[in-house]
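This report concerns only the one structure given below.
Worth knowing before you read on, the calculation uses all heavy atoms, side chains too, and leaves out hydrogens, waters and symmetry mates. Bear in mind that the values here come from a model prediction, so they are computed numbers and not experimental data. We number each residue from 1, following the sequence as shown.
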Amino acid sequence: MKTEGEQRAGLLYGIGAYGMWGLVPLYWPLLRPADAMEILAHRMVWSLGVVVITLLVLRRWAWIRELLRQPRKLALIAVAASTITVNWGVYIWAVNSGRVLEASLGYFINPLVTIAMGVLLLKERLRAAQWAAVGIAVGAVLVLAVGYGRPPWISLILAFSFATYGLVKKKINLGGLESLAAETAVLFLPALGYLVWLSATGGATIGSRGAGHLALLAGTGLITALPLICFGAAAIRVPLSMLGLLQYLAPVFQFLLGITYFHEEMPVERWAGFALVWLALSLLTWDALRTAHRNRAEAQRLKAEAGQRAEPEAEAEAPSAASASTSPDARA
């Protein structure tokens, strides 16, 4: 049972993690004139450095030997690394192309895509409220397709890539920091090779923009690892239902930045589409909280029934114990 202080600390860690993820669109434009591919490569390279230093400090290396003995897990890590590469790359490109709102939409609909994939791939059964939420989300995508004049491809790619990433990571079953270390280790050599090639062909910005630009590019490692470390600290201190609610902070912050800071347009059709997505998420959250409450109530009921059954059994055993204590063997 977590103490009140631990839960408060976990809540702050969670807000910190999702807050940083929500405010990261402010960082990518600082790296111009580097394009999305160069930024992505730097993010892969510097992230591994930050994670390795963190693991050295924490002395968490035992998992590596065990992982190397499991070819299936190594293959899944390669798949996870590929999907997060797509997610990171599209997200950076979207932000630096002035499409922060469409990127935020991707993370709003991600929970709904995750549910849909659970039905299609894992044969999970949905409750009525979950079906309704998924149906409303499909309607939202159609409305947004009309508003944009095309399907919201950026949102869909971000949502499906991150949902796939989450599905694969669930099968890998590694801690967040360890998983990021393994994934960035897979990505390190291709990313470093791309940066070397870019420098050789004169296309890199790292050597021509001064120490400040280099520091910002190196900072992509911290931007990647720090929120994940905070998330890991939150995950062991607060209930899963609380984390589920906190996850909406990131796209909310991104949405607000898109309107107030980047001044992106929001015609009526887009407001309608976003409103439908928020309605679907509200329904999904209400259903999750209601189900969690019911499960807790059922667990308490079963615990109480078990306690009531144990009392007569204890009373019945008491006379037997008393008579046994007066026997010669017992006195001896």
Side-chain angles (χ1 to χ4, degrees), residues 13 16-61 64 77 80-98 100 103 158 161-162 165 174-233 250 253-254 257 261-262:
Y13 278 124
Y18 285 107
M20 284 185 278
W21 279 324
L23 296 175
V24 79
L26 296 172
Y27 194 81
W28 305 131
L30 301 177
L31 304 179
R32 291 172 179 155
D35 63 15
M37 283 297 294
E38 184 179 0
I39 296 172
L40 176 62
H42 276 286
R43 188 177 189 183
M44 295 171 181
V45 170
W46 294 108
S47 293
L48 180 60
V50 172
V51 170
V52 167
I53 292 171
T54 306
L55 290 173
L56 277 171
V57 171
L58 298 176
R59 298 182 180 180
R60 281 160 57 176
W61 297 105
I64 297 178
I77 284 172
S82 300
T83 55
I84 201 60
T85 298
V86 172
N87 186 273
W88 285 356
V90 171
Y91 182 72
I92 294 168
W93 176 84
V95 170
N96 284 355
S97 299
V100 176
L158 289 174
S161 61
F162 201 73
Y165 177 67
L174 265 180
L177 197 60
E178 292 84 353
S179 181
L180 182 63
E183 292 154 20
T184 49
V186 170
L187 300 170
F188 179 78
L189 286 180
L192 184 62
Y194 176 76
L195 291 176
V196 170
W197 173 82
L198 206 60
S199 297
T201 56
T205 64
I206 190 171
S208 60
R209 296 286 168 174
H213 186 66
L214 172 59
L216 286 171
L217 288 170
T220 57
L222 280 175
I223 289 293
T224 301
L226 192 57
L228 188 67
I229 293 170
C230 289
F231 175 81
F253 285 170
Q254 293 164 13
L257 284 175
Y261 184 81
F262 294 98

Taking every non-hydrogen atom, the tightest pair across [X] and [Y]:
X	Y	value
Val51	Leu177	CG1-O, 3.8 Å
Gly89	Ala36	O-CB, 4.2 Å
Ile206	Leu214	CD1-CD1, 3.4 Å
Leu158	Ser161	O-OG, 3.1 Å
Trp21	Ala250	CB-CB, 4.1 Å

By ring pair (Phe, Tyr, Trp, His ring centres under 6.0 Å), Tyr165 pairs with (sequence neighbours left out) Phe162
Using residues 25-32 as the side-chain source, report each donor-acceptor pair under 3.5 Å to any protein atom, sequence neighbours left out, with the distance given to one decimal.
from  : atom 1 : to     : atom 2 : distance (Å)
Tyr27 : OH     : Leu216 : O      : 2.5
Arg32 : NH2    : Asn96  : O      : 3.0

Partners of [X] by side chain to side chain donor-acceptor pair (under 3.5 Å), sequence neighbours excluded?
X	value
Tyr91	Gln254
Thr83	none
Ser179	Lys169, Glu183

Measure the spacing between [atom1] of [X] and [atom2] of [Y] and express it to the nearest 0.5 Å.
X	Y	atom1	atom2	result
Asp35	Leu40	CG	CG	10.0 Å
Met44	Leu192	CE	CG	12.0 Å
Leu55	Trp61	CG	CH2	5.0 Å
Leu48	Ile53	CG	CD1	10.0 Å
Ile77	Leu180	CD1	CG	11.0 Å

Under the side-chain contact (heavy atoms from CB on, under 4.5 Å) test, residues paired with Ala34 that sit two or more places apart = Glu38, Ile39, Thr205, His213
If you look only at pairs with a residue in residues 185-205, which of them pass as a salt bridge (Lys or Arg N to Asp or Glu O under 4.0 Å), with sequence neighbours excluded?
-> none
Please list all pairs passing the salt bridge (Lys or Arg N to Asp or Glu O under 4.0 Å) test where one or both residues lie in residues 187-206, with sequence neighbours left out.
-> none
Please identify each residue that fulfils salt bridge (Lys or Arg N to Asp or Glu O under 4.0 Å) with Glu178, with sequence neighbours left out.
-> Arg60
Atom pairs and distances, side-chain donor-acceptor, residues 218-227, under 3.5 Å, sequence neighbours left out:
from   : atom 1 : to     : atom 2 : distance (Å)
Thr220 : OG1    : Leu217 : O      : 2.6
Thr224 : OG1    : Arg43  : NE     : 2.6
Thr224 : OG1    : Ser47  : OG     : 3.3
Thr224 : OG1    : Thr220 : O      : 2.8

Restricting to pairs with a member in residues 184-204, which pass side chain to side chain donor-acceptor pair (under 3.5 Å), not counting sequence neighbours?
-> none
Residue pairs passing the side chain to side chain donor-acceptor pair (under 3.5 Å) test with at least one member in residues 49-59, sequence neighbours excluded, are none
Is atom CH2 of Trp46 surrounded by more than 12 heavy atoms (other residues, nucleotides or ligands) closer than 6.0 Å?
-> no
